[in-house]
Amino acid sequence: MLLYSRTQYNWLPTLLNTKGGDFLENMSEMLKGVLEGIVLEIISHGEIYGYEIAKKLRLLGFEEIAEATVYALLLRLEKNKLVHITKKPSEIGPPRKFYTLNERGCEELSSFWARWNFLSERIEIIRKEGIKNNEF
């Protein structure tokens, strides 16, 4: 499943900017629950290092997510053995850590999308139909 393409989500930055400066602040609690899944999805598309992940998140409109948050999340993914890490030389400093999903990471990503689909389907039902007594 593709998380982001410039054409598919070109409306997202506009939406975020039109809601005022506190739109992402109000979403921070929601993002805490899904940011790991978003980052796993980004990594699933190929080898990538931390700064590139932060850059992709900014392109998605998540400008308020600090790079420190991304790096802390990457450390947690590493600790939980969800990623494979390769260190490669950098032209401007110490070696960079490049991340790819390992088998366990792929399983976690699949589980994330299953949970996401379940939740989003239920939210859509509630939004469109409401909850009627004795139907659930």
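For clarity, every value in this text was computed on a predicted model and none was experimentally measured. Index from 1, following the sequence.
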Rounded at 0.5 Å granularity, tell me how far [atom1] in [X] sits from [atom2] in [Y].
X    : Y    : atom1 : atom2 : answer
K55  : I42  : NZ    : CD1   : 12.5 Å
I126 : E121 : CD1   : CD    : 12.0 Å
L35  : M30  : CG    : CE    : 13.0 Å
L40  : S111 : CG    : OG    : 10.5 Å

- prompt: If two hydrophobic side chains count as joined below 4.5 Å and joins carry through other members, does V34 share a cluster with L119?
  reply: no
field: Cluster overlap Y51 with I38, hydrophobic side-chain contacts below 4.5 Å
entry: yes
message: Assess the residue pair I85 and Y99 against the criterion (side chain to side chain contact (heavy atoms under 4.5 Å, CB included)); give the C-alpha distance rounded to whole Å, side-chain angles, the decisive distance to 0.1 Å, and a yes or no.
response: CA-CA 5 Å; I85 296 171; Y99 300 86; 3.8 Å; yes
Table please: side-chain donor-acceptor pairs of residues 88-97 below 3.5 Å, with sequence neighbours left out.
| residue | atom | partner | partner atom | Å |
| --- | --- | --- | --- | --- |
| K88 | NZ | E47 | OE1 | 2.6 |
| S90 | OG | I92 | N | 3.2 |
| R96 | NH1 | Y49 | OH | 3.3 |
| K97 | NZ | E78 | OE1 | 3.0 |

query: Can we say E108 and R115 salt-bridge, meaning some charged N sits less than 4.0 Å from an Asp/Glu carboxylate O?
result: yes
message: Are there over 12 heavy-atom neighbours, none belonging to E103, within less than 6.0 Å of that residue's CD?
response: no
Within a strict 4.5 Å, meaning less than it, do heavy atoms of the [X] and [Y] side chains meet?
X    : Y    : answer
H84  : L101 : no
R104 : V83  : no
W113 : F118 : no
T86  : T100 : no

- request: Apply side chain to side chain donor-acceptor pair (under 3.5 Å) to R76 and list each qualifying residue two or more places apart in sequence or on a separate chain.
  value: none
query: S44 side chain to E41 main-chain N or O, any donor-acceptor pair under 3.5 Å?
result: yes
query: Do the side chain of S120 and the main chain of W116 share a donor and acceptor less than 3.5 angstrom apart?
result: yes
Smallest separation among heavy atoms of G50 and L74, with atom names: CA-CD1, 3.6 Å
message: Just to verify, which of L82, L109, I53 counts as forming a side chain to side chain contact (heavy atoms under 4.5 Å, CB included) with I43?
response: I53
Lys NZ or Arg CZ of R58 over F62 ring: under 6.0 Å, within 45°: no
